[in-house]
Amino acid sequence: MDEEETPPPSGFDLGHVDVHGSAGEASSRGRTPDQAMMIYLSLTLLLDGLRRFVSGRERVYSSSAVDSSFSLTFKQGKDGSIETVHDGALIDRSSAKDLATALHAGAERFATTHLYLLPADDAGREDLEKSLAEFGRFLSRLD
């Protein structure tokens with residue numbers, strides 16, 4: 001490959017995340033130092049981690065992006081609601097079902113517009129596809 005050629009897309013590509021909630025928003029964009037993350041791997045970790053958190057007994061879960069300092073923290077309240085927090089600022093407070101539904105919808109939008117760019121045998125693609133399928137099954141059982 002020529003030095004100036006753009007490498008083909010891979011599951012290790014960097015990208016950004018934008019999080020919008022009822023109380024605020026957070027983004028990995030425009031920060032110093034740069035908080036771009038390995039987006040395919042980070043989304044997979046977020047889906048898998050949030051699924052385990054909502055299903056488990058832990059009261060707090062922090063999800064750190066791959067190759068980035070960007071993170072989100074989820075805190076379960078006594079009433080069952082879950083707060084989404086970034087850098088100490090509240091982004092959202094919602095039910096587990098609403099949070100899971102919003103995350104799944106965002107992840108599906110990302111997958112629809114980006115996964116087809118990766119080779120079918122790319123490990124990052126395969127992991128995200130598997131995670132999305134597992135999260136979808138989890139979501140259908142969540143009530």
Side-chain angles (χ1 to χ4, degrees), residues 1-77 80-142:
M1 175 171 16
D2 187 343
E3 204 173 284
E4 294 183 25
E5 263 186 76
T6 302
S10 88
F12 299 106
D13 285 350
L14 297 179
H16 289 280
V17 66
D18 299 308
V19 182
H20 304 278
S22 60
E25 47 191 55
S27 179
S28 61
R29 299 173 197 280
R31 296 179 169 258
T32 303
D34 185 22
Q35 291 187 357
M37 63 195 71
M38 290 185 183
I39 192 67
Y40 296 94
L41 303 181
S42 296
L43 186 51
T44 297
L45 287 175
L46 179 58
L47 287 164
D48 292 347
L50 192 67
R51 181 173 42 85
R52 284 190 300 274
F53 170 66
V54 170
S55 300
R57 297 180 184 263
E58 297 296 320
R59 307 290 289 178
V60 177
Y61 165 64
S62 289
S63 178
S64 297
V66 177
D67 200 30
S68 172
S69 60
F70 186 86
S71 67
L72 294 169
T73 300
F74 302 92
K75 301 177 182 181
Q76 186 169 31
S81 66
I82 298 177
E83 292 183 346
T84 303
V85 177
H86 173 68
D87 281 347
L90 180 66
I91 305 301
D92 189 63
R93 180 180 290 112
S94 56
S95 69
K97 175 81 173 180
D98 287 348
L99 173 60
T101 299
L103 175 59
H104 189 253
E108 285 286 353
R109 276 192 307 276
F110 176 83
T112 299
T113 58
H114 292 87
L115 273 183
Y116 78 92
L117 299 169
L118 303 181
D121 64 348
D122 182 277
R125 177 181 179 158
E126 291 172 347
D127 288 350
L128 183 52
E129 288 172 335
K130 180 181 176 204
S131 183
L132 274 167
E134 288 175 4
F135 202 90
R137 288 189 294 275
F138 161 74
L139 188 57
S140 69
R141 295 187 310 265
L142 189 60

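Nothing fancy with the numbering, it's 1 onward along the sequence.
- Less than 6.0 angstrom separates the ring centroid of Phe70 from the ring centroid of His86.
- In the model, Ser62 has a side-chain atom that pairs as donor or acceptor with a side-chain atom of Thr73 under 3.5 Å.
- Between atom CG of residue Leu128 and atom CG of residue Leu41 there is a gap of 9.0 Å, rounded to the nearest 0.5 Å.
- Proximity of Val85 to Ile91: side-chain heavy atoms (C-beta onward) are nowhere separated by under 4.5 Å.
- Residue Ser131 holds its OG atom at 8.5 Å from CG of Leu45, rounded to the nearest 0.5 Å.
- Distance check, rounded to the nearest 0.5 Å: CG of Leu99 to CG of Leu50 gives 5.0 Å.
- Counting heavy atoms from C-beta outward, Phe53 and Ile82 have side chains that approach closer than 4.5 Å.
- A distance of 11.0 Å separates CG of Asp34 from CZ of Arg29, quoted to the nearest 0.5 Å.
- Side-chain contact between Leu72 and Val19 is present, with at least one heavy-atom pair separated by less than 4.5 Å.
- Under the 3.5 Å distance criterion, the side-chain polar atoms of Ser28 are matched with a main-chain donor or acceptor of Val17.
- Across His104 and Gly136, no two heavy atoms sit closer than the pair NE2-CA, 3.7 Å.
- Listed for the Asp67 side chain is no donor-acceptor partner under 3.5 Å among the backbone atoms of Met37.
- Between the side chain of His20 and the backbone N or O of Glu25 there is no donor-acceptor pair closer than 3.5 Å.
- A donor and an acceptor atom, one from each side chain of Thr44 and Asp127, are nowhere located under 3.5 Å apart.
- Rounding to the nearest 0.5 angstrom, the gap separating the CG atom in Asp92 from the CG atom in Asp98 is 8.5 Å.
- Of the possible polar contacts, none joining the Ser55 side chain to the Arg52 backbone as a donor-acceptor pair under 3.5 Å is found.
- The existence of a salt bridge linking Lys130 and Glu126 is excluded, since no basic side-chain nitrogen approaches an acidic carboxylate oxygen closer than 4.0 Å.
- Across Arg125 and Leu115, no two heavy atoms sit closer than the pair NH1-O, 3.3 Å.
- In terms of heavy atoms, Ala100 sits closest to Phe138 at CB-CE2, 4.4 Å.
- More than 12 heavy atoms of other residues, nucleotides or ligands lie within 6.0 Å of OH in Tyr61, so this atom counts as buried by the packing criterion.
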Q: Step by step, work out the side chain to side chain contact (heavy atoms under 4.5 Å, CB included) result for Ser10 and Asp122.
A: CA-CA 7 Å; Ser10 88; Asp122 182 277; 3.8 Å; yes

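- Nearest heavy atom pair, residue Leu14 against residue Ala36, reads CB-CB, 4.2 Å.
- Separating the CG atom in Leu103 from the CG atom in Leu46 is a distance of 5.0 Å, to the nearest 0.5 Å.
- Glu83 has a carboxylate O that lies under 4.0 Å from a charged side-chain N of Arg93, or vice versa, which qualifies the two as a salt bridge.
- Looking only at side-chain heavy atoms (C-beta outward), Val66 and Tyr40 stay at 4.5 Å or farther from each other.
- Scanning all heavy atoms of the two residues, the minimum distance from Ser63 to Phe74 falls at CB-CE1, 4.4 Å.
- By the 4.0 Å N-to-carboxylate-O rule, Arg51 lies close enough to Asp48 to be salt-bridged with it.
- Within a 6.0 Å radius of CD in Glu108, more than 12 heavy atoms belonging to other residues, nucleotides or ligands are found.
- Here the side chain of Ser68 pairs no donor or acceptor atom with the backbone of Ala65 at under 3.5 angstrom.
- Side-chain atoms of Thr101 come within 3.5 Å of backbone N or O of Lys97 as a donor-acceptor pair.
- When every heavy atom of Pro119 is checked against every heavy atom of Pro9, the shortest pair comes out as CD-O, 3.9 Å.
- In the model, Ser69 has a side-chain atom that pairs as donor or acceptor with a side-chain atom of Gln35 under 3.5 Å.
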